Trainee: 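Sending over a structure as structure tokens; questions will come in a sec.
Every chain is numbered from 1, with letters handed out A, B, ... down the list of sequences. Because the structure is a prediction, the values reported are computed rather than measured.
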Amino acid sequence: MLTQLLTQQMEKAFAALNYNTDYAAVGLSARPDLCQFQCNGAMPLAKLLHKAPIAISREIVQSLLALPESAEIFESAEAVNPGFINLNLKDSFLAKHINALAMSENLFVQKLNIPKKVILDYGGPNIAKPLHIGHLRTAIIGEALKRLFRYLGYEVLGDIHTGDWGLQMGMIISEVQRTQPDLPYFDPDFCGEYPAEPPFTLDDLSEIYPRVSAAIKETDEIGSPTENAKAMETAAKEATYALQNGVTGHRALWQHIVKLSVADLKANYQRLLVDFDLWYGESDSHDSIPIVLDMLKQKNALMESDGAIIADVSEESDKKEVPPIILVKSDGSYLYGTTDLATLYNREKEFHPDEVLYVVDARQALHFTQVFRAAKKYGIVPEKISLEFVGFGTMNGKDGRPFKTREGGILRLADLIAMVVDNAAGKIQNKEDINAAEVAEMVGISVLKFADLSNYRMKDYVFDLEKFSAFEGKTGPYLLYSIVRIKNILRKLAEESSQPGELLPAVSSVERELQLKLDGFSDVLWQAAKDKAPNYLCEYLYELSTLMNSFYHNHHIITEESAERKASWHRLLNVVLRTLTTGLEILAIPVPDKM
RNA sequence: GUGUGCAUAGCUCAGCUGGAUAGAGCGUCUGGCUACGGACCAGAAGGUCGAGGGUUCGAAUCCUUUUGCACACGCCA
């Protein structure tokens with residue numbers, strides 16, 4: 001915000017000298033010991049004009065200081081070798097600005113000026129399978145990006161895109177058929193109403209899938225599938241085929257499965273403060289697959305290769321040939337590229353989004369390159385739509401391999417959360433006015449989320465429970481603790497009926513730095529949105545907390561004697577609190593009142 | 001084999017458009033509780049930014065060569 005204001009001021013100074021104002025950008029200082037803001041534009045100008053950079057920067061400073069507003073704004077503006085322009089604000093100007101920021105509704109965060117609609121594809125759980133550790137990062141990162149874009153004024157639709165249509169559904173249906181063959185769903189002559197209640201419970205479902213999955217993989221001594229395994233697989237494939245081709249009993253049973261499973265998914269995501277606007281799944285794109293295939297056929301895009309149907313997506317500029325996308329397998333069934341294309345078709349038809357973002361595992365990069373190219377090349381979505389792959393790295397165990405349970409199995413998300421929350425529960429102080437269970441939940445979630453979000457998303461990272469659960473240092477609990485401290489003071493101020501008042505110029509360097517930091521919120525949010533990088537926001541919130549704790553240590557608010565000063569600090573605390581809680585709200589990290 | 005990504009302090013990681021003396025946390029060492037909650041604060045030590053070359057006034061950042069690691073490479077999702 002200040003950087004923009006200062007850039008505008010600098011542009012005037014550049015313009016007065018007939019210098020290209022593109023170089024007038026003012027940014028935060030890389031050397032806080034020397035100045036608060038800096039402009040480096042003199043150096044590229046020097047190259048262009050074949051003049052000494054220091055001479056140009058001196059001219060610019062002179063021109064800047066000659067502007068009428070400058071007397072009020074700048075404490076100092078100086079040209080230093082080789083050609084930097086160092087700027088410091090008057091404390092009075094800074095205080096006035098932060099006072100206005102504190103009084104504003106929006107914390108001076110710029111909103112998007114042209115409306116834009118974004119669909120965010122994240123989550124991607126499978127129906128009838130429990131959420132596991134592989135679903136953690138897409139949920140956490142996707143939710144943060146959804147809230148970030150929404151806060152900046154985008155219209156955002158979060159779509160969970162469940163896997164509700166593949167072989168795993170056939171596996172469950174065929175197993176129900178095997179164990180309960182007399183159910184009406186399997187009677188081809190049945191024409192009444194199917195039962196309203198499902199013939200299984202959620203627990204049954206979560207037990208069926210792993211059992212069938214294991215049975216199908218069963219092999220004899222020489223490593224070939226057993227007779228039973230073959231039979232189970234055939235049955236599952238037949239059930240899948242029946243489901244996808246609209247056999248009414250299978251569809252009815254499938255709906256029971258989806259309904260039970262979705263309710264369970266909602267509850268689990270709720271615990272992570274994750275929710276979705278659209279609960280579409282692969283099944284919703286099923287009817288569009290023939291349409292999409294027909295569109296491709298019209299464009300002569302479909303080719304036969306070894307019995308499969310493929311479409312070329314290569315481009316001349318490719319260093320390595322991008323392989324064609326396979327749309328129909330040689331056995332006639334579809335692949336996930338097919339459903340992804342059909343889903344895009346549906347999204348365009350129903351919502352006309354400006355952007356579609358896919359928050360998915362980095363290992364799927366090539367697949368999405370193929371899908372995006374096919375979608376644009378063959379006119380399934382308009383050329384102008386932005387399709388972006390927002391990949392993320394793997395969460396590994398201490399051995400550097402993807403995280404597993406001690407037994408080597410896949411860790412359930414619920415178990416992971418329980419581990420973190422239990423650990424937090426052991427550290428909650430015993431106080432009568434604290435609901436220990438609630439606080440442990442919030443602290444545990446903050447540990448998990450902050451650790452994940454503060455890493456740059458593309459990188460793999462090691463999940464180290466002990467490290468993440470330590471409350472010292474750059475962690476979620478540190479942020480929460482900082483907030484709780486502020487809330488305590490504000491409570492005390494309210495008890496003695498103190499009121500916030502005009503924010504005064506800083507009395508110390510910590511207070512000055514704190515004021516400056518508050519102004520950076522808008523820039524950080526926009527930068528994070530541009531790079532889809534929530535870690536920028538994490539970093540900012542941590543720095544703000546650090547400054548706040550340092551300020552807390554150096555200045556005692558409650559006992560401050562000057563009424564004006566006390567009122568000023570009251571307002572400062574208010575705006576620090578708002579900034580921190582807004583930031584954590586965007587990251588979907590919960591904040592307790594006490595801890 | 002080909003392609004993509006990564007390599008920064010003892011450990012785990014930031015580093016945004018190429019800017020000045022590369023920053024945090026943990027760990028180590030030192031100091032601070034008669035004040036709003038010590039899950040805190042102040043300070044110290046710790047670096048050839050994997051290696052070589054190039055572009056530039058200026059490179060962790062851009063280009064190139066090279067080493068190591070991860071991942072991906074038509075009928076799983």
Trainee: May I ask which nucleotide in the shown strands pairs with B:rC75, Watson-Crick or G-U wobble, both distances under 3.5 Å?
Mentor: none
Trainee: Counting the atoms with a prime plus P, OP1 and OP2 as sugar-phosphate, which does A:P44 contact under 4.0 Å by heavy atoms, base, sugar-phosphate, or nothing?
Mentor: base
Trainee: Between A:Y478 and B:rC41, is there a side-chain N or O to OP1/OP2 distance below 4.0 Å?
Mentor: yes
Trainee: Kindly point out which of B:rC75, B:rC41, B:rA20 is positioned nearest to the side chain of A:N549?
Mentor: B:rC41
Trainee: When the C1' atoms of B:rC33 and B:rA45 are considered, how many whole Å apart are they?
Mentor: 26 Å
Trainee: If you look only at pairs with a residue in residues 522-546 of chain A, which of them pass as a ring pair (Phe, Tyr, Trp, His ring centres under 6.0 Å), with sequence neighbours excluded?
Mentor: A:Y478-A:Y542, A:F521-A:Y540
Trainee: Applying a 3.5 Å limit to both distances, which nucleotide forms a Watson-Crick or G-U wobble pair with B:rG23?
Mentor: B:rC13
Trainee: How would you label the contact of A:H555 with the nucleic acid (heavy atoms, under 4.0 Å): base, sugar-phosphate, or nothing?
Mentor: base
Trainee: What's touching nucleotides 42-44 of chain B from the protein side, N or O pairs under 3.5 Å?
Mentor:
| unit_1 | atom_1 | unit_2 | atom_2 | d |
| --- | --- | --- | --- | --- |
| B:rA42 | OP1 | A:S550 | OG | 3.3 |

Trainee: Taking RNA chain B as the partner, which of residues 526-536 of chain A come within under 4.0 angstrom of it by heavy atom?
Mentor: A:Q527, A:K530, A:N535, A:Y536
Trainee: Compare the minimum distances between each of B:rG37, B:rC75, B:rA20 and the side chain of A:I434, then state the nucleotide with the smallest one.
Mentor: B:rG37
Trainee: Would you say A:K492 reaches B:rG37's phosphate, i.e. side-chain N/O to OP1/OP2 under 4.0 Å?
Mentor: yes
Trainee: Under 4.0 Å, heavy atoms only, any strand: does A:E282 hit a base, just the sugar-phosphate, or nothing?
Mentor: sugar-phosphate
Trainee: Mind checking A:A365 for me? I need base, sugar-phosphate or nothing, with any heavy atom below 4.0 Å counting as a touch.
Mentor: nothing
Trainee: Does a nitrogen or oxygen in the side chain of A:R485 sit under 4.0 Å from OP1 or OP2 of B:rG38?
Mentor: yes
Trainee: Is the shortest side-chain N/O distance from A:K459 to OP1 or OP2 of B:rA14 below 4.0 Å?
Mentor: yes
Trainee: Taking B:rG10 as the reference, what is the distance to B:rG46 when you measure between their C1' atoms (whole Å, please)?
Mentor: 8 Å
Trainee: Under 4.0 Å, heavy atoms only, any strand: does A:L493 hit a base, just the sugar-phosphate, or nothing?
Mentor: nothing
Trainee: Checking all strands, does A:N40 fall into the base, sugar-phosphate, or nothing category for heavy-atom contacts under 4.0 angstrom?
Mentor: base
Trainee: Contact class for A:L366 vs. all strands (heavy atom < 4.0 Å): base, sugar-phosphate, or nothing?
Mentor: sugar-phosphate
Trainee: Assign A:N488 to base, sugar-phosphate, or nothing according to its heavy-atom contacts below 4.0 angstrom with the strands shown.
Mentor: base
Trainee: Tell me which nucleotide among B:rC13, B:rA24, B:rG37 gets nearest to the side chain of A:Y461.
Mentor: B:rC13
Trainee: What nucleic acid atoms does A:M43 come within less than 4.0 Å of, heavy atoms only: base, sugar-phosphate, or nothing?
Mentor: base
Trainee: Under 4.0 Å, heavy atoms only, any strand: does A:V80 hit a base, just the sugar-phosphate, or nothing?
Mentor: base
Trainee: Go ahead and name the base partner of B:rC6; Watson-Crick or wobble counts if both distances stay under 3.5 Å, otherwise write none.
Mentor: B:rG68
Trainee: Which is true for A:D331 with a 4.0 Å heavy-atom rule: it touches a base, it touches only sugar-phosphate, or it touches nothing?
Mentor: nothing
Trainee: Regarding A:K474, tell me which of base, sugar-phosphate or nothing describes its non-hydrogen contacts under 4.0 Å with the strands shown.
Mentor: sugar-phosphate
Trainee: Verify the contact: side-chain N or O of A:Y552 to OP1 or OP2 of B:rG38, cut-off strictly under 4.0 Å; return yes or no.
Mentor: yes
Trainee: State which of B:rA77, B:rG38, B:rA20 makes the closest approach to the side chain of A:Y481.
Mentor: B:rG38
